[in-house]
Amino acid sequence: MQIRRRSYLLGGLFLLATNGCALFIPWLLKLAVESLQSLHTAPHPPSFYGGLIIGAALLHGTVRVFSRTTLLHAARGIEYQIRDELYARLLKLDQSFFAGERTGDLISRFSNDLTNVRMLVGFGVLNIINSFVIYIAALALMIRLSPALTVFAVIPFPVMIFIVKRMSASMFRRSKKSQEELARLTAAVEENVSAAPLIKAYCREDAAIASFREASGRYMASNMRVAQLRGFMIPVMAATGATGTLIVLLVGGGKVVAGALTLGDFVAFNGYLAMLIWPTIMLGWILNLSQRGAASMERLNWILQAEPRVDEPAEPAAIAALQGDLELRNVVFSYGAETILHGISLKIAKGARLGIVGPIGSGKSTLVRLLARLYRVENDMIFIDGIDINRISLALLRDAIGFVPQEGFLFSRTIAENIAYGKEGASEDEIAEAARMAGLHDEVCRFPEGYATLVGERGITLSGGQKQRTAIARALLKDPAIMILDDPLSAVDAKTEEEILANLANYYGNRTVIIVSHRISALRDCDLIIALEDGRIAEQGSHAQLLELGGKYAALYREQQLRREIEDY
Ligand SMILES: Nc1ncnc2c1ncn2[C@@H]1O[C@H](COP(=O)(O)OP(=O)(O)OP(=O)(O)O)[C@@H](O)[C@H]1O
């Protein structure tokens with residue numbers, strides 16, 4: 001990450017100038033008091049120093065604005081940069097990463113954690129420099145005015161350092177816990193908003209409110225623990241700082257009365273001591289900011305350093321495009337400890353159609369996800385055009401595949417924009433043609449605003465079947481060499497599914513097509529059908545061959561036929 005060194009350097013210089021002006025003022029006060037004490041012998045009248053004090057104060061205010069804006073802008077710049085890098089990294093990560101994460105937690109890293117880091121690199125840095133400069137300079141000037149009085153003034157400092165040290169570890173733990181609770185709360189909000197219809201349908205509002213209240217209570221309690229500690233720290237710091245002032249007033253006042261210290265020096269000394277009070281109070285705040293910032297940076301680094309399990313090939317095969325010749329050689333796969341696919345081998349020639357059928361959880365979706373390399377595939381298992389899939393650049397591979405998942409995602413945009421997502425700059429005709437092939441066109445035309453109808457949160461809610469067909473149209477528009485349809489019409493009835501698939505058959509041409517479906521009627525025309533069972537190919541062949549085999553496929557077909565006849569009747 002590029003740190004904005006120039007801005008920080010400039011901001012630092014402005015801060016030095018700001019502090020220079022501030023430190024000059026007590027010294028001018030000293031000279032003003034001395035001039036008041038000896039009106040006739042002093043080189044300048046008190047009004048002269050009064051004018052200088054006003055000038056220094058004005059300059060101080062002006063430079064202060066520059067110092068703050070420069071440093072705070074730099075912090076905004078860093079925040080912007082980290083946000084960009086986070087987003088880019090998220091887009092690089094694959095399904096295995098997202099499967100293990102809660103969306104709300106990721107969102108909270110983008111909002112809350114990023115704000116904490118910005119506060120640290122902005123206000124935090126600003127106050128650290130400020131405190132450092134003030135401490136060094138004010139102490140040096142105090143020593144110059146009266147070394148003995150300075151010793152009395154700094155008596156409370158070891159106490160303060162002790163308090164800070166004792167509390168910092170505890171503050172870090174409490175801050176981190178509070179951030180984690182906020183992430184959980186964000187995740188709960190996100191989940192409950194998405195699941196609102198489900199919660200209502202099952203009359204679980206009370207339970208949802210109770211569990212949310214519990215999460216919210218935990219967040220509040222963790223924040224209270226942070227606030228308690230901070231609330232304790234700030235007054236303790238302020239009190240110890242004020243003790244210094246009290247000691248100085250007692251000892252210094254005595255010195256002035258005894259004639260061991262001039263009134264001007266005493267006034268200036270108090271001015272410098274007063275300048276130490278604010279940075280001392282800020283010490284606790286800076287500490288808290290650093291702890292929060294460090295904890296947040298740790299959470300952000302966790303994303304920034306996450307490596308995709310599906311990575312780009314070190315030496316991609318030098319090919320311009322894929323044709324769609326597929327071969328699986330003994331494909332084995334597991335998400336975790338349990339093996340999901342056990343040695344799947346098959347060949348699908350370019351332009352052929354493969355149908356996949358099988359009971360729930362038999363591994364159908366897993367198999368097609370691997371073909372699009374959505375999960376990590378071992379070497380020498382999947383080949384496209386004779387090239388190991390791991391040697392094909394991800395952009396080329398994904399470009400060649402039109403993947404329609406079981407639950408297609410729709411953006412909160414118009415139907416046209418959702419379909420056109422498959423092809424940048426698609427014309428209206430192309431969009432309508434894709435929708436027509438997906439059996440969606442007529443329904444879209446019936447919407448008052450046609451293709452300009454907004455869907456999702458800001459617009460109408462499409463039915464499950466309409467959503468699925470929008471996703472199909474999007475994939476069709478992409479014009480891929482390999483089309484993968486993972487049970488894309490489960491939300492429409494068998495007859496409509498057949499009609500749409502028959503329509504799509506005109507489009508397939510010499511594309512390689514893989515269709516997963518629970519309904520055998522949807523796969524009848526495939527060149528090859530595999531019946532999966534527990535991650536293994538139980539039966540394979542054409543529809544006719546499988547019927548002839550008289551196995552599970554044939555039994556399932558008869559059952560589905562019978563059910564349909566009953567439904568039709
Ligand atoms: N992301 C995942 N992480 C862990 N396990 C998973 C994941 N996705 C699927 N599984 C498990 O892998 C097995 C196969 O799932 P898969 O979705 O491939 O089956 P399927 O045949 O497509 O089922 P369905 O007909 O319900 O779509 C199941 O036991 C499932 O629980």
Side-chain angles (χ1 to χ4, degrees), residues 90 92-103 105-106 187 191 194 306-311 326 328 330-346 348 353-378 381-382 389 401-409 464-465 467-469 471-472 475 482-494 497 501 513-523 526 528-540 546 551-553 555-557 559-560 563:
L90 273 188
K92 261 191 184 176
L93 293 169
D94 47 68
Q95 305 262 340
S96 23
F97 173 85
F98 292 102
E101 292 312 312
R102 297 182 75 181
T103 316
D105 183 67
L106 291 177
E191 205 166 272
S194 310
E307 284 300 332
R309 286 180 51 75
V310 175
D311 43 14
L326 288 173
L328 279 69
N330 199 20
V331 173
V332 176
F333 181 80
S334 62
Y335 290 104
E338 194 193 344
T339 305
I340 303 293
L341 297 177
H342 305 261
I344 307 274
S345 297
L346 50 94
I348 313 147
R353 259 181 274 171
L354 170 75
I356 307 177
V357 69
I360 289 168
S362 54
K364 305 181 294 294
S365 297
T366 304
L367 184 61
V368 291
R369 281 182 207 139
L370 293 188
L371 294 178
R373 239 190 123 200
L374 297 180
Y375 284 87
R376 186 181 177 83
V377 181
E378 295 305 320
M381 282 193 176
I382 300 180
I389 200 169
I401 294 177
F403 190 90
V404 184
Q406 265 175 9
E407 285 170 28
F409 181 85
K467 278 186 196 161
Q468 288 186 327
R469 281 170 286 152
I472 294 179
I482 303 166
M483 199 64 192
I484 299 178
L485 303 158
D486 185 3
D487 209 0
L489 290 164
S490 54
V492 301
D493 58 67
E497 180 180 35
L501 290 177
V513 179
I514 296 153
I515 315 171
V516 174
S517 181
H518 282 103
R519 297 190 193 115
I520 288 183
S521 55
L523 309 177
C526 289
L528 175 69
I529 300 168
I530 57 169
L532 283 186
E533 210 173 283
D534 293 331
R536 292 183 174 83
I537 298 180
E539 293 171 17
Q540 62 177 309
L546 288 171
K552 288 196 174 154
Y553 179 90
L556 185 65
Y557 180 64
E559 184 196 314
Q560 290 184 355
R563 198 177 308 141

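Whatever order the structure lists them in is the order used to number ligands and atoms, beginning at 1.
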Original post:
Does Leu328 reach the side chain of Leu367, with side-chain heavy atoms less than 4.5 Å apart?
Top reply: yes
Original post:
Just by distance, do the side chain of Asp486 and the backbone of Ser365 share a donor-acceptor pair under 3.5 Å?
Top reply: no
**OP:** For the residue pair Tyr335 and Phe333, categorise the inter-ring angle as parallel (less than 30°), tilted (30 to 60°) or perpendicular (more than 60°).
**Re:** perpendicular
Original post:
For ligand 1, what are the residues with a heavy-atom contact below 4.0 Å?
Top reply: Tyr335, Ile340, Pro359, Ile360, Gly361, Ser362, Gly363, Lys364, Ser365, Thr366, Arg369, Tyr375, Gln406, His518
Subject >> Partner of Asp487 under side chain to side chain donor-acceptor pair (under 3.5 Å), chosen from Gln468, Lys364, His518 >> reply: His518
**OP:** Check the pair Thr366 / Tyr375 against side chain to side chain contact (heavy atoms under 4.5 Å, CB included), numbers first and verdict last.
**Re:** CA-CA 9 Å; Thr366 304; Tyr375 284 87; over 6 Å; no
Subject >> Contacts of Asp534 that satisfy side chain to side chain contact (heavy atoms under 4.5 Å, CB included) - sequence neighbours left out >> reply: none
